[in-house]
*Asks:* 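Structure in structure tokens, see below.
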Amino acid sequence: MNLKELKNWNIEAEKEIAKKWENSNIFNFNPKTRKKVYSIDTPPPYVNAPVHIGQAITYCYMDFFARYKRMRGYEVLFPLGLDRNGLPIEIAAEKKYNISAFKMSRAEFLDYCKKLLNETSYETKDTFSRLGISFSSYKEGGSLGSVYLTDSEEYRTLTQKTFIELYKKGLVYEDMRITNWDPKLQTTIADSEIEYKNLSSTFNYVKWKVKETNQEIIIATTRPELICTCGRVIFNPKDKRYKSLNGKTAISPLFNKEVPIKAHPLASLEKGTGLAMMCSMGDLSDIQFFRDEKIKPLIAIDICGEMNKNAGFLAGLKVREARKKIIEELKDKGLLEKQENITHRTPISERSGAEIEFIEMPEFYLKQLHFKDLIKKLSKKIKFYPQTARKILDDWIDSISIDWPISRRRFYSTEIPLWYAYDKDKKNKFIAVPPSGHYYKPWNEKVPLNSEVFKDHKKVGQIKDPEFKNLQWTGELRVFDTWMDSSISELFIIKYLEKEDFFKKSYPVSLRPQGKEIIRTWLYYTLLRGFLETGKMPFKEVWINQHILDGKNRKMSKSLGNVIDPQYLLSNYGAEAIRFWSAIEGDLSKQDLSCSEERIKAEQKTLNKILNISKFVMLFEKPKKIDFKITPLDKLFIDYIEELTNFSQREYEKYNFYGPAIKLRNFLWDLFASHYIEIVKNRAYNQEENFSEEECKSAKYTLHFLLERLLILLYPIIPQITSFILLEKGIKVLDSKWPVSKNVKSNSTLLSEIISFNSKIWKEKKEKGLSLKSQISDIEIPKKLKDFEKDLKIAHSLV
RNA sequence: GGUCCCGUAGUCUAGUGGUUUACGACGUCUCGUUUACACCGAGAAGAUCGCAGGUUCGAUUCCUGCCGGGACCACCA
């Protein structure tokens, strides 16, 4: 393939280049480098679904950054991670093989998950390769910059390693607490995994009694089945109606339990009757209330979502059935005054869609409350692009009110590496903590003999000690929240605890690029974990991207059927069109991008324009030496692109590729092609020898100079076409440095003067029905343009 | 409910720390082969710059309110 034969920039040409890059090692990371390291902690996409157009575009942006930084002289660490952990895989396996994790052995279920993962195609990698993403490598392996899998032994070992150390430092503890329980997946989930939906429900006005006065009070509730767990009846301190009730005792209907009545600002004057029953598991605010008021919660729902013995006559029923039953019962006994239909914001598990229940379970917690102020303070050192994204993080940190529950009762995730045993009379519980450095599966492995034994967070000996050796050790069954793995991605890619020298040199990582919707999870948790490991913040800069929307500005979703497949765009319009479009359409860190096929298609034209200009310029030989004077016209355009170089550099440094892309595009179409080339054509050909040899050389030199510079400035955005053309010109842009530009200011008045002069002539010729070549008389060249008189006269055949 | 962002031609966007014809792209229409390019060139139509009010000599730009869209957070017993 060469430039002359290429009529249009096309997909076949791209494929050839992309394939070459994928299989080469030109972007490999050199650990022995003397250059400064620039590292990108990329967000690993899930492998069980094809790459979404949003991911595809954000990776294009990361590639802009990586290629630019290479030109700026950095050794760039730009690894591809593939996420294979956690619930999405389990859910996909259950669906695909029509199985349930709870109806087979654990080993069997994990085999199904692995089977699914093995069958997962490598479409992900292929999409990235076709887009021309310059990952350090496309091969899996252990070296710096290789493709990594989040379920690999190495990765899981690091997760366990960090956990073991945190455990020994006393930063992890197990506690019996009310947690967010997903009854469908049968696991605890974190606050950040809850979403809210407005569901319709019924507000039931229930009759209670006051013990002291025997008067009747009405309390409205959406969860009558929880009356048995009510720990407090509250009313607003400003509510005059109930002032007399303060300190008295309410008697619950059907259960006849005594519940204190107190004023509390959480109660609203307008809602229901103004009296509220606080139950130990109604919703998150109830949990908060019980924590704050130090009331011992009473649990009435078990882990399967069934009522337990605390619920008296409701025991054994599912929550919904219990609700129905108690309403009937209340009606029968005349204890239900009325019912109202309302919509209720209901907490839903993000993963399964099940309604969250609040259940007391023993779970592991990682301490975070102690550190949140410090993390907030330290995070000020991180530069945010855009700056406004920092607020999302700050708001989230402010709202954290409990430690991070890190254990999950699921399967395809990193195992919690602990074993337990009791002494003979079952009085003492011992915990075995293995030495860090291996990947442990406690559910399937015997306790390692070199483990340390802890009791109440204190080390009491070793497994080999005679008192512990013969105890019955059982392995932990729970796994980690997958954010425990994800939150050390930056540590993993720079070989934390593995290549200490390199790690020290490379921490903090240069850039974390990610979506704004996972600021409170991935970003926050990474800051926490990085801080706990190193005492420092893990990133220098964070780049937050917005969303890719469909052409009608709607969020893409499967249910709307408006999802755009990057493979479809690739095979129809090609990578370079997509990349250029995504740069010129807007700044993804500042606004959502609306994905329009029409406009992507339109950028194919720009690519062809570049191709054709290059073909034209390369008709002329580039002067080897500058042994001629550059004409004023040529200087004018050279100054312009020098200024553009400065501008692009300044903006690229701020991760703004939009501003430069637009300006470079305009230069290409509206200055270079339409005006410079049109004027200078004659001088470059110089067939009639109207110009001196020196003037002709100046034109040829300038044509090449402008083209080369334009291509180099565009290279980070559209690397395939630019590197291809530059190579034909003998320039290896992949190894090239960013151009050092002269700090000049171009004369924009003069430039626009030229543009309007040209337009004037073209218009006049058209009006007179003349062809553009034909001569025209009585045109006066403006004084300002006197320097360019000869060029203009000959270009327009002025006589 | 709190905090914040946005509203410019059919579509997408720039912009103005105040005032002449409001930048550009896609699309539409007209005309045209011009020694790189018809995936081209020249040109045209298309916007009361969300609505209302205020400040001002003057507002798309500043202020207030409203309407519409979006994001995040909190909360609804």
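Labels below follow one simple rule: chain letters A, B, ... track the order of the sequence lines, proteins then strands, and each chain is numbered from 1. Side-chain atoms are counted along with the backbone in the values below, which use heavy atoms only and exclude waters and symmetry mates.
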*Asks:* Would you check if A:Leu792 and A:Ile679 make a side-chain contact, meaning some heavy-atom pair closer than 4.5 Å?
*Replies:*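 They are in side-chain contact.
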*Asks:* Take A:Ile261 and A:Phe235, measure what side-chain contact (heavy atoms from CB on, under 4.5 Å) needs, and give me the verdict at the end.
*Replies:* CA-CA 8 Å; A:Ile261 308 174; A:Phe235 61 90; 4.0 Å; yes
*Asks:* Considering only B:A42, B:C39, B:A71, which nucleotide approaches the side chain of A:Asn8 most closely?
*Replies:*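 Nearest to the side chain of A:Asn8 among the choices is B:C39.
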*Asks:* So if I define the base as every atom that isn't primed, P, OP1 or OP2, how would nucleotides 2-8 of chain B read as a B/S/- string at a heavy-atom cutoff under 4.0 Å?
*Replies:* -S-----
*Asks:* Determine whether the aromatic ring of A:Tyr685 stacks with the base of B:U35, defined as ring centroids separated by less than 5.5 Å and ring planes inclined by less than 30°.
*Replies:* yes
*Asks:* Under 4.0 Å, counting only non-hydrogen atoms across every strand here, what does A:Asn204 touch: a base, just sugar-phosphate, or nothing?
*Replies:*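 Nothing, no heavy atom under 4.0 Å.
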*Asks:* Using the side-chain heavy atoms of A:Lys605, tell me which of these nucleotides is nearest: B:U13, B:A71, B:C40.
*Replies:* B:C40
*Asks:* Would you indicate which nucleotide in B:G41, B:C26, B:C37 comes nearest to any side-chain atom of A:Arg599?
*Replies:*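 Nearest nucleotide to the side chain: B:C26.
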*Asks:* When rounded to the nearest Å, what value does the distance between C1' atoms of B:C23 and B:C5 take?
*Replies:* 23 Å
*Asks:* State whether the distance check finds a donor on one side and an acceptor on the other, under 3.5 Å, for side chain A:Lys763 versus base B:A42.
*Replies:* no
*Asks:* Looking at B:A36, B:U13, B:C73, which one has an atom nearest to any side-chain atom of A:Ala673?
*Replies:*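 Closest nucleotide among those given: B:A36.
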*Asks:* For B:C73 and A:Arg520 - does any side-chain N or O of the residue sit under 4.0 Å from the phosphate oxygens OP1/OP2?
*Replies:* yes
*Asks:* Any donor-acceptor pair under 3.5 Å linking the side chain of A:Arg579 with the backbone of A:Ile717?
*Replies:*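 Yes, A:Arg579 side chain to A:Ile717 backbone: donor-acceptor pair under 3.5 Å.
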*Asks:* Ignoring hydrogens and geometry beyond distance, is the side chain of A:Gln687 in donor-acceptor contact with the base of B:U35 at under 3.5 Å?
*Replies:* yes
*Asks:* Choose from B:A42, B:C39, B:C12 the nucleotide whose nearest atom is closest to any side-chain atom of A:Asn608.
*Replies:* B:C39
*Asks:* Considering only side-chain heavy atoms of A:Ile392, which listed nucleotide, B:C72, B:G41, B:A74, is closest?
*Replies:*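 Out of B:C72, B:G41, B:A74, the nucleotide with an atom closest to A:Ile392's side chain is B:C72.
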*Asks:* Rounding to the closest angstrom, what is the interatomic distance between B:C49 and B:U8 at atom C1'?
*Replies:* 4 Å
*Asks:* Show your working on side chain to side chain donor-acceptor pair (under 3.5 Å) between A:Tyr701 and A:Asp634 and close with a plain yes or no.
*Replies:* CA-CA 9 Å; A:Tyr701 168 81; A:Asp634 298 343; over 6 Å; no
*Asks:* Working to the nearest 0.5 Å, report the span between SG of A:Cys230 and CD of A:Glu258.
*Replies:*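 Separation between the atoms: 12.5 Å.
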*Asks:* What is the ring orientation for A:Phe657 with A:Tyr652, classed by angle as parallel under 30°, tilted 30 to 60°, or perpendicular over 60°?
*Replies:*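 The rings of A:Phe657 and A:Tyr652 lie parallel, inter-plane angle below 30°.
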*Asks:* Which of the following nucleotides, B:U35, B:C31, B:A36, is nearest to the side chain of A:Ile677?
*Replies:* B:A36
*Asks:* Between B:C39 and A:Lys609, counting only base atoms on the nucleotide and side-chain atoms on the residue, is there a donor-acceptor pair under 3.5 Å?
*Replies:*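 In this structure, the two groups form no donor-acceptor pair.
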*Asks:* Taking the side chain of A:Ser759 as its heavy atoms from C-beta onward, which of B:C40, B:G43, B:A36 lies nearest to it?
*Replies:* B:G43
*Asks:* Between B:A36 and A:Lys681, is there an OP1 or OP2 to side-chain N/O distance shorter than 4.0 Å?
*Replies:*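 True: A:Lys681 side-chain N/O within range (under 4.0 Å) of B:A36 OP1/OP2.
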*Asks:* Return the set of residues passing side chain to side chain donor-acceptor pair (under 3.5 Å) with A:Gln604 (not counting sequence neighbours), or none when no residue passes.
*Replies:*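 Counting only residues at least two positions away or on another chain, A:Gln604 forms no side chain to side chain donor-acceptor pair (under 3.5 Å).
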*Asks:* Side chain of A:Trp762, heavy atoms from C-beta onward: which of B:A42, B:A25, B:A36 has the nearest atom to it?
*Replies:*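 When the side chain of A:Trp762 is considered, B:A42 is the closest of B:A42, B:A25, B:A36.
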